[in-house]
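Step one of this worksheet: look at the structure below.
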Amino acid sequence: MVQDRERRLIDAFLVATRTLVGDYDVVEMLQTLVDEVVETFGLDAAGITLANRERELEVVAATSTQTTLLELLQLESGEGPCVEAYASGSVRKAGSLEEMRRNWPGFAAAAEAAGFASVLSIPLRARDTVLGSMNLFRSSPGDLDERDLAAVRALTDVATITILQQRSADQAARAQEQLQQALDSRVAIEQAKGFLANTHRVDPDEAFALLRRWARSHNVLLQDAARGVTERRFVIPPIDSVLPSAPRTPR
């Protein structure tokens, strides 16, 4: 069990240290990161928000539709740990519903309805630059122990540095453009999820899992797969075949 946990932690760091080059998929990297963090640290859900050009937060990765909705509630109301973690550049947490109610009453009600009893929000920060926040949820009260908290903070730091790559002034514009593309692609992904959920009569989380598996098996970027679905260029079956067919392109 310990070895499995260590292996997962190593995998999570490998995900966080990938380099942004060429057509590297920021959304897929961050989505894989939240998946790994949830599994490694025994959490129930996680999400990542990033700031757009107007310094407004947007949800870019989440482990479930329910988590996405909870994140969106914070962004719309301006109240919640993820908003404060980004604004302050420091960790915000609540180990119980009572603590949540004291700090963020509106968020606490939504978190309780979603089945969460504790929350931890960590800024994606490098020096004076804050890109957004990683937000962790558990159905049971309590805080992460010091070792786990240190590991999660290290992961967020590495992910942030990976994105920024300490770029020079001319590269910084490209980095911001990549981030904006990641945020924009999330819209296409949500549209594709809705289309697949309706077409195959599955819930949005199953639709997202189907989209990701298809994109990986066809070596297509997640955002490109999503746009291909909404534009009717790619046909994704309800169950992946052993030997998937090539993407259908327009004539």
Side-chain angles (χ1 to χ4, degrees), residues 9 12-20 24-38 40-41 43 45-63 67-68 70-72 74-75 77-95 100 103-104 107 118-138 143-183 186:
L9 186 56
F13 271 103
L14 289 175
V15 168
T17 53
R18 290 174 183 168
T19 303
L20 288 173
Y24 184 78
D25 196 330
V26 179
V27 173
E28 177 62 23
M29 184 272 280
L30 295 177
Q31 183 63 49
T32 303
L33 182 59
V34 293
D35 290 342
E36 291 289 345
V37 166
V38 165
T40 302
F41 298 99
L43 303 167
I48 289 179
T49 60
L50 289 179
N52 59 25
R53 291 189 183 96
E54 287 71 41
R55 308 297 294 169
E56 298 170 339
L57 290 175
E58 296 184 29
V59 181
V60 71
T63 54
T67 312
T68 300
L70 189 56
E71 297 277 46
L72 289 173
Q74 295 183 71
L75 305 187
S77 66
E79 174 197 284
C82 91
V83 176
E84 289 192 7
Y86 169 68
S88 66
S90 58
V91 172
R92 290 291 185 267
K93 62 179 180 177
M100 274 193 244
N103 296 327
W104 319 288
F107 167 78
S118 57
V119 61
L120 171 67
S121 294
I122 303 172
L124 271 67
R125 177 178 181 176
R127 298 187 176 89
D128 296 329
T129 300
V130 183
L131 300 181
S133 63
M134 178 185 285
N135 312 293
L136 314 178
F137 304 91
R138 292 199 301 183
D143 298 326
L144 287 180
D145 63 39
E146 292 185 4
R147 291 181 61 187
D148 284 353
L149 178 58
V152 174
R153 293 190 69 168
L155 277 170
T156 58
D157 289 345
V158 171
T160 304
I161 293 171
T162 298
I163 295 173
L164 291 174
Q165 291 189 80
Q166 298 179 325
R167 294 174 181 270
S168 60
D170 60 323
Q171 292 173 316
R174 179 171 177 265
Q176 182 58 51
E177 183 63 28
Q178 286 175 315
L179 289 178
Q180 188 61 46
Q181 288 175 359
L183 293 170
R186 192 72 201 185

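- Residue Leu144 holds its CG atom at 8.5 Å from NZ of Lys93, rounded to the nearest 0.5 Å.
- Distance check: Cys82 SG to Trp104 CH2 gives 10.0 Å after rounding to the nearest 0.5 Å.
- For the atom pair CG (Asn103) and CZ (Arg92), the distance works out to 9.0 Å, reported to the nearest 0.5 Å.
- One finds the CG atom of Leu33 at 9.5 Å from the CD atom of Gln31 (value rounded to the nearest 0.5 Å).
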Let me see the working for Leu124 and Met134 under side-chain contact (heavy atoms from CB on, under 4.5 Å), right down to the final yes or no. CA-CA 7 Å; Leu124 271 67; Met134 178 185 285; 4.0 Å; yes
For the pair Gln74 and Glu71, evaluate side-chain hydrogen bond (donor to acceptor under 3.5 Å, both in side chains) and give the outcome as yes or no after the intermediate values. CA-CA 5 Å; Gln74 295 183 71; Glu71 297 277 46; 3.1 Å; yes
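- With Pro81 as the fixed residue, the side-chain contact (heavy atoms from CB on, under 4.5 Å) test singles out one of Asn135, Val119, Ile122: Val119.
- Minimum interatomic distance between Thr156 and Pro123 (heavy atoms only, all atoms of both residues): OG1-O, 4.1 Å.
- Using a 4.5 Å heavy-atom threshold, the side chains of Val37 and Leu43 count as touching.
- For the side-chain contact (heavy atoms from CB on, under 4.5 Å) test with Phe41, the passing option among Leu120, Leu136, Leu155 is Leu155; the others fail.
- Judged as a side chain to side chain donor-acceptor pair (under 3.5 Å), and not counting sequence neighbours, the contacts of Thr67 are Ser64.
- The OG atom of Ser118 sits 6.0 Å away from atom CE of Met100, with the distance rounded to the nearest 0.5 Å.
- Of all non-hydrogen atoms in Val83 and Gly78, the two that sit nearest each other are CG1-O, 3.9 Å.
- A distance of 10.5 Å separates OG in Ser77 from CG in Leu72, rounded to the nearest 0.5 Å.
- For the residue pair Arg125 and Asp128, the shortest heavy atom distance occurs at NH2-OD1, 4.3 Å.
- Arg55 and Tyr86 share a donor-acceptor pair across their side chains, judged by distance under 3.5 Å alone.
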